[in-house]
Amino acid sequence: MTAADFDASGAGPGDGTRAVRAGLPEPAKYEPTLPGPVFAAHYHLPGEPTGPYTYGRDENPTWTHLERAIGELEAPGQDGVETLAFASGMAAISAVLFSQLRAGDTVVLPDDGYQVLPLVREQLTAYGIEVRTAPTGADAQLGVLEGAKLLWIETPSNPGLDVCDVRRLAAAAHAQGTLVTVDNTLATPFGQRPLELGADFSVASGTKMLTGHGDLLLGYVVSRNARPMASVRRWRKIVGAIPGPMEAWLAHRSLATLQLRADRQTANALAVAKALRGRPEVSGLRYPGLPDDPSHKIAAQQMRRFGCVVSFALPTRAHADRFLNALRIVDDATSFGGVRSTAERRGRWGGDAVPEGFIRLSAGAEDPEDLVADVLRALDESAE
Ligand SMILES: Cc1ncc(COP(=O)(O)O)c(C=O)c1O
């Protein structure tokens, strides 16, 4: 789908239509709708070694289709958008950070983001990069922005589900020449579109709801900013953190159902959050889609769907473990965004500043009545 599919006001096909068509080549007689995965380490290349396809670490036709698709979802109707697929979300995150930052630069990270960010912070610091951190909520990163080369935003944050005002942060950053990246993992492009909110890069783990079946790892970077993006591409070539063709193809195939999954899982998350609200043993309940959630006001301004993750705490670690053991249709597993609901006691990893009884629950695509009943029954069974 190209800019020609969108009218002058930017209006174009709806999410479902875009999801099922994203990145597909023009129909050609006897060709499949979505070409199969191309397994190639190298391509026939007589003469001058120019692209598009030279060597398998640099380009692959299956990535090309997927990258086009993700670009169409992240920045519909916009020209000049470039997308790069990576082996995982962390590969994409590292590609932006380590390609843009040099010794002596300053970067601002969230202090409540994905739990591998503290490891990234250690590595950046070891390379002579100053790392400042601040919480996601209340746009607190604004307070430590001065002189930074890059601002890293994760909204909603994982696992605390705080939301910051991307437009406000991006405007402040750009006013002083700071690049802005948004980790769009939790929201997906059907939840929010960071480039439209002012970000220079939208980066995400495609391992989660974007692909949604819990069977592959993937990452991507999208930008309209050609110069920094050339460095990200160069970084991918140097490090070689590329997706396999099979993963790329499976991911593209999964995009066709993204709207269906996102709608169902968002509705299920809201149903679970509402059911948890009435429970005396539950504290710290967070879901940006709940009208009384502290994040709701700003989330409603910049998000189109509020995601599938709900977080809350039970009184003790033992209580949380009993609850997880009692669940039948919610798997006790890490990660989130899959069509099968999952939940875990987040403190078991040791990386997040959360209470021992803190649970991160990812609503899947089950029937809402079944999911809510399972959660409520497990709460009853795990009571003291
Ligand atoms: C917000 C966020 N960003 C990035 C990642 C890393 O993604 P991956 O596991 O695909 O490397 C995760 C993984 O959970 C995440 O939650």
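Throughout, residue positions are numbered sequentially from 1 according to the sequence presented. What you see is a predicted model, and the numbers here were worked out from it, not measured in a lab. Indexing begins at 1, ligand by ligand and atom by atom, following the structure's order.
- Nearest protein heavy-atom contact of atom 6 (C) of ligand 1 is Tyr114 CE2, 3.5 Å.
- The existence of a salt bridge linking Glu31 and Lys29 is excluded, since no basic side-chain nitrogen approaches an acidic carboxylate oxygen closer than 4.0 Å.
- Polar contact check, Glu154 against ligand 1: no nitrogen or oxygen pair lies under 3.5 Å apart.
- At a 4.0 Å heavy-atom cut-off, ligand 1 does not touch Leu186 at all.
- Taking the six-membered ring for Trp and thresholds of 30 and 60 degrees, Tyr287 and Phe306 have ring planes more than 60 degrees apart, a perpendicular arrangement.
- Below 30°, between 30° and 60°, or above 60°: for His252 and His65 the angle between ring planes is between 30° and 60°, a tilted geometry.
- Of the protein's non-hydrogen atoms, Lys208 NZ, 2.9 Å is the one closest to atom 14 (O) of ligand 1.
- Of the protein's non-hydrogen atoms, the one nearest atom 8 (P) of ligand 1 is Gly89 N, 3.4 Å.
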Leu210/Leu255 under side chain to side chain contact (heavy atoms under 4.5 Å, CB included): CA gap, chis, key distance, verdict: CA-CA 7 Å; Leu210 187 87; Leu255 289 184; 3.7 Å; yes

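- Distances between N or O atoms of Met90 and those of ligand 1 include at least one value under 3.5 Å.
- Within ligand 1, counting atoms from 1 as listed, the ones closer than 4.0 Å to a heavy atom of Phe336 are 16 (O).
- Evaluated by nearest non-hydrogen atom to atom 1 (C) of ligand 1, the leading choice among Val116, Asp183, Thr207, Asn184 is Asp183.
- Closest protein heavy atom to atom 16 (O) of ligand 1: Asn158 ND2, 2.8 Å.
- Between the Thr62 side chain and the Val38 main chain, a donor and an acceptor come within less than 3.5 Å of each other.
- Using a 4.0 Å cut-off between charged nitrogen and carboxylate oxygen, Arg279 and Asp380 count as a salt-bridge pair.
- Residues Asp352 and Arg360 are not paired through a salt bridge, judged by the lack of any N-O separation under 4.0 Å between the basic side chain and the carboxylate.
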